[in-house]
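Below is one structure; the comments refer to it alone.
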Protein chains: 2
Amino acid sequence: MQPSLIAANIQCPILSQAKLETREFLVERSRIRRMERGEGIFLHQTPARSCFVVMNGWVKLYRILDSGDEAVLRMHTRGEAFAFADVLRRGDHQYGADAASECLLLEIPADALRQVLNDDPAFGAILLSHSFEQIDALSDQIEALKCQSGIQRVAAFLRYHARPKGNHLFVTLPYEKVLMAAYLGIKPESLSRALAKLRQHGVVAVDGGLEITDQGALDELIASRAVERRMAAR
Amino acid sequence: MQPSLIAANIQCPILSQAKLETREFLVERSRIRRMERGEGIFLHQTPARSCFVVMNGWVKLYRILDSGDEAVLRMHTRGEAFAFADVLRRGDHQYGADAASECLLLEIPADALRQVLNDDPAFGAILLSHSFEQIDALSDQIEALKCQSGIQRVAAFLRYHARPKGNHLFVTLPYEKVLMAAYLGIKPESLSRALAKLRQHGVVAVDGGLEITDQGALDELIASRAVERRMAAR
DNA sequence: CGCTATATTGAAGATCTTCAAGGTGAGTGG
DNA sequence: CCACTCACCTTGAAGATCTTCAATATAGCG
């Protein structure tokens, strides 16, 4: 496949906003990598020699704490980029990365990225606006972790991943529940119980996913406070 | 005071890394604002007309959720910058900002920032590396919120703000406990109880602050898991 | 079929919140 | 100077939420 075709197929904001020449140069210098589920992409605190764009599947960015616990920082899917910051700082990776599902990655070598940033002044602005979006996404996570209960975060997660289907919204869980729980900052058992409770709020399991039959009830749960939830349970 | 002197006094990485001409232009176009504790700087989802550098004191960045709860996203102090992303995207503020203590701010008008980004190609790179640091700070918060208990986050907060003093480490709490609790994602009562428990781990209250008499014990607590903490309590 | 990984459920306990009451200290006015 | 107020902090008790551990269920796969 031609570089131009590959780049167009990835649907990556960073690549599609760059001028043709830059885009083709990056893709030509890159390597397409196919990863199995669970395979490691790079480890935390190892030298950043490449950065990546997800072409397909899901990638988990995580850290292992001294306690042995794993903190899942972000999940990335088609078109999303990661490890650009690590490469540009010429330092170590600030997190580890694993393939969360079978996935296709575009691996961009460090020197290619640095050269592009040198040669194409507009590319810096693209990266800047991309990093602003990262900040927004992380801020949203912090907001949820500081102010919402586990079940509210689960509900908001479903809401975010829901797509219209017939009269209702339908959610195909993007990855396994163990991982989903880690991303939401709860244990798998708690996720299981949260999903069970959500049946009272219009979330029913159907083959291969979940159906949201009462969107209003779910939104109400997400926006409610603990006190209100207690009242409603009576 | 001359712009050059002001800029030097702020000790802001963004300004000090910029070339002299850029730095002076920004400071000349800016206004120094003095805010009382609790005073609002700007509101969430209002047009971003300026961005800011903290010259002194503490600033709280926060969001009010539909539930009425307040999520404290970041705290900024001397030399740190905020709202640059909002200005450059020509959009609304992604969070509200309040003076958490009496403080001095450098208020940079939106057009001055945009002009500098246009005229000085190196300035974009400075902003990019600054936003990478923001991402790191937010990632650290997420790591703590997902994997650490309240008391561990309190301990880590003390560790972070501690400075050597005599034989031990000493912490002057940077702002009131209500705010500290909100930043850590717990209630003020829980913070109070956490600090009480930390006395068993070598944290003693002295006039105007806390002394860490057993740094090893504190670090051990921060890195421990729930199971280990239970064992240790016997 | 049995194996393994993943998911669910129950029970007990840890952690955090809520609500209520009391304490402390700085500032104010008599 | 003392009492009063107000804001902030602490403590106790009860309850909500989440975790832990153990047992069981389910599904995919050789």
Side-chain angles (χ1 to χ4, degrees), chain A residues 36-38 67-71 100-102 144-155 173-200 203-205 207-210 221 224-234, chain B residues 36-38 67-71 100-102 144-155 173-200 203-205 207-210 221 224-234:
Chain A
E36 295 302 322
R37 196 188 75 154
S67 61
D69 284 335
E70 177 189 272
S101 65
E102 185 182 321
L145 289 164
K146 283 185 181 170
C147 288
Q148 294 187 307
S149 69
I151 190 168
Q152 285 179 305
R153 299 202 296 276
V154 172
L173 296 184
Y175 29 82
E176 347 148 349
K177 292 186 179 174
V178 180
L179 187 47
M180 179 177 161
Y183 175 76
L184 293 171
I186 57 178
K187 299 293 154 190
E189 295 94 327
S190 298
L191 173 58
S192 186
R193 283 181 248 266
L195 288 173
K197 273 196 185 173
L198 284 177
R199 286 198 279 267
Q200 299 165 15
V203 177
V204 292
D207 67 338
L210 300 168
L221 174 72
S224 70
R225 277 185 302 177
V227 184
E228 297 159 12
R229 287 201 299 284
R230 207 177 318 150
M231 294 304 178
R234 292 186 180 161
Chain B
E36 295 302 322
R37 198 189 75 155
S67 61
D69 284 336
E70 177 190 273
S101 64
E102 184 182 321
L145 289 165
K146 284 185 180 171
C147 289
Q148 293 187 310
S149 69
I151 190 169
Q152 286 180 305
R153 298 202 298 276
V154 172
L173 297 186
Y175 29 82
E176 348 150 346
K177 292 188 180 175
V178 179
L179 186 48
M180 179 177 161
Y183 175 75
L184 293 171
I186 58 178
K187 299 293 155 191
E189 295 94 329
S190 297
L191 172 57
S192 186
R193 283 181 247 267
L195 288 173
K197 272 196 184 172
L198 284 177
R199 287 197 278 266
Q200 299 165 12
V203 176
V204 292
D207 67 338
L210 300 169
L221 174 71
S224 69
R225 277 184 304 176
V227 184
E228 294 158 14
R229 286 200 300 282
R230 206 177 319 151
M231 294 306 180
R234 293 187 179 160

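Every chain is numbered from 1, with letters handed out A, B, ... down the list of sequences.
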Check nucleotides 26-30 of chain D for protein N or O atoms closer than 3.5 Å to its own N or O atoms and list the pairs.
none

Would you list the protein and nucleotides 8-12 of chain C atom pairs, both N or O, that sit under 3.5 Å from each other?
{"residue": "C:dT8", "atom": "OP1", "partner": "A:K177", "partner atom": "NZ", "Å": "3.0"}
{"residue": "C:dT8", "atom": "OP2", "partner": "A:S192", "partner atom": "OG", "Å": "3.2"}
{"residue": "C:dT8", "atom": "O5'", "partner": "A:S192", "partner atom": "OG", "Å": "3.1"}
{"residue": "C:dG10", "atom": "N7", "partner": "A:R193", "partner atom": "NH1", "Å": "3.0"}
{"residue": "C:dG10", "atom": "O6", "partner": "A:R193", "partner atom": "NH2", "Å": "3.1"}
{"residue": "C:dA11", "atom": "N6", "partner": "A:R193", "partner atom": "NH2", "Å": "3.4"}

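Shortest non-hydrogen contact noted between A:Y183 and B:K146 is O-NZ, 2.7 Å. Pairing each heavy atom of B:L210 with each of B:L195, the nearest pair is CD1-CD2, 4.0 Å. Residue B:A100 comes nearest to B:L179 through the heavy atom pair CB-CD2, 3.4 Å, listed as atom of the first residue, atom of the second, then distance.
Per the geometry, NZ belonging to B:K197 stands 13 Å off P belonging to D:dG12, to the nearest Å. Computed from coordinates, the B:R153 CZ to C:dT15 C1' distance equals 11 Å when rounded to whole Å. In this structure, A:L173 atom CG and C:dT6 atom P are separated by 15 Å, rounded to whole Å. As a whole-Å value, the separation of A:I151 CD1 from D:dT19 P is 13 Å. At whole-Å resolution of the value, CG in A:D69 and P in D:dT19 are 11 Å apart. In this entry the distance linking CD of B:Q148 with P of C:dC16 reads 11 Å, nearest Å. For B:R225 and D:dT19, the CZ to C1' distance is 13 Å, given to the nearest whole Å.
In this structure the side chain of A:K177 never reaches within 4.5 angstrom of the side chain of A:P188, judged on heavy atoms. Residues B:Q152 and B:S224 have side chains in contact (heavy-atom distance under 4.5 Å, counting atoms from C-beta outward).
Within a heavy-atom distance below 4.0 Å of DNA chain D, no residue of residues 179-187 of chain B is found.
Every side-chain hydrogen bond (donor to acceptor under 3.5 Å, both in side chains) that B:R37 has, sequence neighbours left out, goes to B:E176. Remark: A:A194 pairs with A:I151, A:V154 by the side chain to side chain contact (heavy atoms under 4.5 Å, CB included) rule, at least two apart or across chains. For B:E189, there are no side-chain hydrogen bond (donor to acceptor under 3.5 Å, both in side chains) partners at least two apart in sequence or on another chain. Residues satisfying the side chain to side chain contact (heavy atoms under 4.5 Å, CB included) criterion with B:A71, sequence neighbours excluded, are A:E143, A:C147, B:L65. Applying the side-chain hydrogen bond (donor to acceptor under 3.5 Å, both in side chains) test to A:Q200 and every residue at least two apart in sequence or in another chain returns nothing. A search for side chain to side chain contact (heavy atoms under 4.5 Å, CB included) contacts involving A:A182 returns A:V72, not counting sequence neighbours.
Looking at A:R153, its side chain does come within 3.5 Å of a backbone N or O of A:Q148 through a donor-acceptor pair.
Evaluation of the salt bridge (Lys or Arg N to Asp or Glu O under 4.0 Å) test over residues 178-188 of chain A, restricted to residues two or more places apart or in two chains, returns none.
The side chain of B:R37 places an N or O atom within less than 4.0 Å of a non-bridging phosphate oxygen (OP1 or OP2) of D:dC8.
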_Secondary-structure string, 5' to 3', Watson-Crick or G-U under 3.5 Å, | for another-strand partners, for DNA chain D_ = ||||||||||||||||||||||||||||||
